[in-house]
Amino acid sequence: MIKQYILNQLGTALQNAALHLNNLAVDDSLLAGFKLERPRNPEHGDYAVNVSFLARQTKMPPPKIAEVIGSHLSNVAVIGGYLNFTITESMLAEALAALIHSAKPGLNSSLQAERILLEYVSANPTGPLHIGHGRWAALGDSIVRILRHCGALVTAEFYINDAGVQMGNITTAVYWRAVELLKAEGLLPDSLSLPEVLPYPGEYVIDVASMYLADEVRKAQFIAAHSDGQAALENEALQNDLKVFSKKVLLENQQGLLNRMRVHFENWISEKEYLYDRDLIPGTLQRLAGKGFTFEADDALWFKSTEFGDEKDRVLRKSDGSYTYLTPDIAYHDDKFNRPDRYNRILNIWGADHHGYIPRMCGAIQALGHDPAQFEVLLGQLVNLIVEGERTRMGKRRKMLTLQDVVDEVGVDATRFWMVSKSADSSLDFDVDLAASASSENPVFYVQYAHARCCSILRNAVEPAPNVDTGEMVAPFVQADALQQFEAALKPEQLALLFDSLSEPREKAVLKTLLLHLDGFEDAVKDAARLRAPHFITQYLLDVAAQFHSFYSICRILTPEPALTQARLMLIRAIQKILAQGLELLGVSAPEKM
RNA sequence: GCCUCAGUAGCUCAGUUGGAUAGAGCAACCGCCUUCUAAGCGGUAGGUCACAGGUUCGAAUCCUGUCUGGGGUACCA
């Protein structure tokens, strides 16, 4: 808000000064070039603008340019090529009052025109979610919340990979685990021996098998299928039932955890039901072929992805007649573009291990006549799990630590905050022992503590409390209803006491920094949305919390002076609102007590 | 080999479209609880922004090359 105000002032000043700047053409693109920043050195004002970039156009030295523009502005000091703005207390009061009156701080319409379909996590229903899925889950859901806060229309979608080879593998694994369990019960002969290596060796497969056998009817049918003493892997009815059952159990397990993590999807798209059962794939293939982008070679059907910059052509239908992973995925993405929702942005979060997959998918999208500029993939670098100080490759361990284990250990709030507190471009080390043992040192608690502290102050302000010495109950600092009225009808002028009561320059400086930062929340949200970078929000919240803790330590909020107390409480209220809103954008709870 | 992400304080990482003296947390050291939550605050110390060139008035940021690490480079998913 304050930044925008300054930019507006600057625009007017530029127009007035254009004549003296060699007839500089002042338009929006020129104004967009001005970058407002908070100088480190307090002598450089509260906001600063560097005008050096105008030197070439105007053929004038930067200090001269700054001087000319500065002469058309108030509250500005010119040093070298810089315009240093000083923010007045009345502007700060106005910004604070605006925050108090805003139902949802940071809410804006910067992405109002966007209709976004965001697909993320999209795990195979073949096992528990791992730590990497946790990163995409936290990242995706936070991005959804942030985009919506900027006015975008967003649909979150989970693509269930339930039609491929992996579903067959998990079925086989569950089958053998069931055999194993029944052998132990003496219900199947010992001659049925397990293969040396199961496609899914994890122990959870035993749980699935045992749940399957808990159904007496299924158990009886399973045993009956082995009347000849041979393995029943070829028994289609049995295999199908096992497959459907396993998928249901494993998917529900994933959904349960995501739900617990407050990660929400509007759509759960089953590859099998949505693509195969509705026969969508041949249609897409036909359109590709019709446009001449496919060819047959070596008994396989190929996509000419090299025509779209891919390094080699890709197989769509293998020589055995089945599709590669790519093919249904092309049909799926084709469908995303064709939906009646008319999305103008198809956004995916993929792990960095799928990076090489982008050119062919992008090529297919182009080949099918869609706009590749609307297709956007957010690549997240992988997560390293650190157990007992050792880096473990995910999934390579027989007994791996699942996302569920991690969430049990460190909690939803800490997991989510940690997962989005670093740029998705950086690979992330997740030290489980550290996160578990030192959970009280987790940055999320720092922010939550600041929020709880605000709430505590707001509670104490209106509640009668016992006198420290006498134990007698004394009246609250302010009356609850009076405070409520004050807040509802707050005018910037009523905040004058907030500033006047502070005499020390350091106190004033801390307050000003805090207010300017609170005022910058909307910008933080916009930046986070534009760059799909929730870590801007975590960073922002940590800064607010630090500045609040700092202010708290030098300035008492609850005083015997009701008018002063009320003014200071407005600051606390604004901080509390912003912390709560920021945490909500990250799907992290904002406790009122800790 | 090629594609891609990263390399910033002892450790983990921020640093937005290039701007004034490079930041935080943890670890280390020194202080602060008779008053609203010490899960807190103040202070000290800690840097060849991997390296070398280039562009620019100005580079941690952009370009080129080199080195190191992660990921990818299937008729796997």
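Letters A, B, ... mirror the listed sequences (proteins, then strands); counts begin at 1. This is a predicted model, so every value here is computed, not measured.
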Which atom pair, heavy atoms only, marks the closest approach of A/V525 to A/I146?
-> O-CG2, 3.7 Å
Between A/F521 and A/Y540, how do the two ring planes meet: parallel, tilted or perpendicular, split at 30° and 60°?
-> tilted
Name the closest nucleotide to the A/R556 side chain, picking from B/C36, B/A77, B/U37.
-> B/C36
Is a donor-acceptor contact shorter than 3.5 angstrom present between the side chain of A/N41 and the base of B/U21?
-> yes
What interatomic distance, in whole Å, is found between P of B/U35 and the corresponding atom of B/C30?
-> 25 Å
Closer than 4.0 Å, any side-chain N/O of A/R314 to the OP1 or OP2 of B/A74?
-> no
Hey, does A/R317 reach any base, or is it just sugar-phosphate, or nothing, if we go heavy atoms under 4.0 Å?
-> nothing
Assign A/F477 to base, sugar-phosphate, or nothing according to its heavy-atom contacts below 4.0 angstrom with the strands shown.
-> nothing
Give the ring-plane orientation class for A/F308 versus A/F303, where under 30° counts as parallel, over 60° as perpendicular and anything between as tilted.
-> parallel
Base, sugar-phosphate, or nothing for A/E592, non-hydrogen atoms under 4.0 angstrom?
-> base
Distance-only donor-acceptor test, A/N169 side-chain atoms vs B/A77 base atoms, 3.5 Å | no
Any strand, both distances under 3.5 Å, Watson-Crick or G-U wobble: B/C41 pairs with B/G31
Just call it for A/A55: base, sugar-phosphate, or nothing, with non-hydrogen atoms closer than 4.0 Å on any strand.
-> nothing
Report which part of the nucleic acid A/D527 touches: base, sugar-phosphate, or nothing (heavy-atom distance under 4.0 Å, all strands).
-> base
Can you tell which of B/A77, B/A39, B/C57 lies closest to the side chain of A/S52?
-> B/C57
Assign A/H535 to base, sugar-phosphate, or nothing according to its heavy-atom contacts below 4.0 angstrom with the strands shown.
-> sugar-phosphate
Of the nucleotides B/C36, B/A77, B/C5, which has the atom closest to the A/Y357 side chain?
-> B/A77
Of all the heavy-atom pairs spanning A/L275 and A/Y159, show the shortest one and how long it is.
-> CD1-OH, 3.4 Å
Could you give the CG-to-C1' distance, from A/D431 to B/C26, as a whole number of Å?
-> 12 Å
Residue matched to B/U73 through Watson-Crick or wobble contacts both under 3.5 angstrom = B/G1
Could you please name the option among B/A20, B/A77, B/G40 that lies closest to any side-chain atom of A/R40?
-> B/A20
Have a look at A/D425 and say if it touches a base, only the backbone sugar-phosphate, or nothing, with a 4.0 Å heavy-atom cut-off.
-> sugar-phosphate
Side chain of A/Y552 (C-beta onward), nearest among B/C41, B/U12, B/C36 = B/C36
Do A/Q381 and B/G71 have a side chain to base donor-acceptor pair shorter than 3.5 Å?
-> no
In terms of side-chain geometry, is the basic nitrogen of A/K508 or A/E504 positioned less than 4.0 Å from the acidic oxygen of its partner?
-> no
Mark this stacking check for A/H44 against B/A20 as yes or no, applying ring centres under 5.5 Å and ring planes under 30°.
-> yes
Closest to the A/D353 side chain: B/C75, B/C13, B/G72?
-> B/G72
For B/U21, the Watson-Crick or wobble counterpart (both distances under 3.5 Å) = none
If you check the A/N161 side chain, which of B/G71, B/A77, B/U17 turns out closest?
-> B/A77
Atom C1', compared across B/C49 and B/U44: separation rounded to whole Å = 23 Å
Contact class for A/C455 (heavy atom, under 4.0 Å): base, sugar-phosphate, or nothing?
-> nothing
Residue list, side chain to side chain contact (heavy atoms under 4.5 Å, CB included) with A/A152, at least two apart or on another chain | A/L111, A/E114, A/I116, A/L147, A/V154
Which part of the nucleic acid does A/S456 contact within heavy-atom distance under 4.0 Å: base, sugar-phosphate only, or nothing?
-> base
Selection from B/A20, B/C13, B/A77 that lies nearest to any side-chain heavy atom of A/R360 | B/A77
Return yes if the base of B/C75 and the side-chain atoms of A/S319 contain a donor-acceptor N/O pair under 3.5 Å, otherwise no.
-> yes
Taking atom C1' in both B/G23 and B/U8, what distance in whole Å separates the two?
-> 10 Å
Describe the nucleic acid contact of A/A48 in one word from base, sugar-phosphate, nothing, applying a heavy-atom distance below 4.0 Å.
-> base
Could you tell me which nucleotide pairs with B/G53 by Watson-Crick or G-U wobble geometry, both distances under 3.5 Å, or answer none if nothing does?
-> B/C63
Using a heavy-atom cut-off of under 4.0 Å over every strand shown, decide if A/D320 touches base, sugar-phosphate, or nothing.
-> nothing
Between B/C75, B/U12, B/U16, which nucleotide has the shortest distance from any of its atoms to the side chain of A/L531?
-> B/U16
Using the C1' atom in both, what is the distance from B/A24 to B/G47, to the nearest Å?
-> 15 Å
Name the nucleic acid region contacted by A/K593, choosing base, sugar-phosphate or nothing; use a 4.0 angstrom heavy-atom cut-off, strictly under.
-> base
From the candidates B/U12, B/U17, B/U56, the one with an atom nearest any side-chain atom of A/R56 is B/U56
Please indicate yes or no: is the ring centre of A/Y82 less than 5.5 Å from the centre of the six-membered base ring of B/A20, with the two planes inclined by under 30 degrees?
-> yes
